[in-house]
Amino acid sequence: GVEALQRRAARSLDEDHFRIQAILIDPGHGGRDPGAVASHVIDGKKVEIREKDVVLEVALDLHKRLSATYPDKRILLTRSGDTYPSLDERVQMANGIPLRNNEAIIYISIHCNASFNKSARGYEVWYLSPEYRRDLVSNRVEAGNEDILPIINDMLEEEFTTESVIIARNMLHYFDSYFKGKTISRGLKAAEWFVVRNAKMPSVLVELGFVTNEQDARLLVDPAHLQLFAEALYSAVSDYIRNFESTAGVGTQ
């Protein structure tokens with residue numbers, strides 16, 4: 001009767017409304033893999049900085065902030081302690097999250113940099129190079145329709161790349177406003193990192209700074225600075241969610 005029609009209409013409206021259903025935060029390395037490591041004398045004390053510790057601290061803080069604001073979304077971590085999920089496991093975790101047609105997921109990988117050049121410093125945000133085409137569409141397609149697969153794949157890829165660039169630019173905007181004068185921006189970059197290029201969703205990889213640079217190292221061991229990183233990432237993701245869910249995403253911001 002009328003109630004059934006109302007329920008169907010409500011469900012139809014809900015399916016037309018685009019939403020971010022999940023955010024997967026991936027602190028790089030962990031466990032037996034410390035990532036980039038460097039030692040510095042800071043305020044008269046020798047301090048060893050390990051990438052796996054720095055990125056986990058930021059990731060846990062970001063997870064807490066997003067979970068508090070979005071109790072209706074799945075805010076997930078690839079690791080919440082000193083463990084080592086393999087790259088394949090991280091990607092499988094991301095690609096294994098069930099989504100409906102109107103739902104999307106964001107993948108955020110957090111890392112620190114290192115360089116033989118001790119003066120190299122600053123933060124940067126990477127997104128998947130648009131030249132790289134992932135196999136985003138299952139090969140299990142009806143016989144006779146094989147020729148449309150590359151077209152669908154390219155359309156999805158363009159959407160994911162566009163969304164990834166928007167998220168990455170948001171992050172740089174907040175980093176620039178939070179850290180002006182404290183460190184430098186190395187800008188927006190494109191690459192084919194394993195983790196980012198295998199995740200079937202908008203994906204970004206954030207480099208917080210260089211553990212090998214003394215000025216960056218002072219910031220990376222400062223809990224207040226790491227909290228600012230989490231706050232900047234939180235603000236960038238929140239802005240993206242607000243825009244995506246109000247405009248149905250795909251470059252319409």
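Please read these numbers as outputs of a predicted model, since none were measured by experiment.
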Residue pair Phe210, Cys112: steps toward the side-chain contact (heavy atoms from CB on, under 4.5 Å) verdict: CA-CA 6 Å; Phe210 284 76; Cys112 292; over 6 Å; no
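The distance from the CZ atom of Arg74 to the CG atom of Leu66 is 15.0 Å, given to the nearest 0.5 Å. To the nearest 0.5 Å, atoms OG (Ser238) and OH (Tyr70) are separated by 3.5 Å. Remark: Ile167 CD1 to Ile23 CD1 distance equals 9.0 Å, nearest 0.5 Å. Atom OG1 of residue Thr78 and atom CE of residue Met93 lie 5.5 Å apart, to the nearest 0.5 angstrom.
Between Gly28 and Arg90, the closest heavy-atom pair is CA-NH1, 3.9 Å.
Using a 3.5 Å distance cut-off with no hydrogens or angles, the side chains of His111 and Glu207 do not pair a donor with an acceptor.
For residues 32-42, no pair satisfies salt bridge (charged side-chain N to carboxylate O under 4.0 Å, His left out), with sequence neighbours left out. The list of salt bridge (charged side-chain N to carboxylate O under 4.0 Å, His left out) pairs with a residue in residues 173-187, not counting sequence neighbours, reads Glu124-Arg186.
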Less than 3.5 Å apart, which donor and acceptor atoms pair up between the side chains of residues 217-232 and the rest of the protein, not counting sequence neighbours?
{"from": "Arg218", "atom 1": "NH1", "to": "Asp43", "atom 2": "OD1", "distance (Å)": "3.4"}
{"from": "Asp222", "atom 1": "OD1", "to": "Ala224", "atom 2": "N", "distance (Å)": "3.0"}
{"from": "Glu231", "atom 1": "OE2", "to": "Tyr178", "atom 2": "OH", "distance (Å)": "3.0"}

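Between Lys73 and Glu245 a salt bridge is recorded (basic side-chain N to carboxylate O distance below 4.0 Å).
The side-chain heavy atoms of Ile184 and Arg121, taken from C-beta on, include a pair separated by under 4.5 Å.
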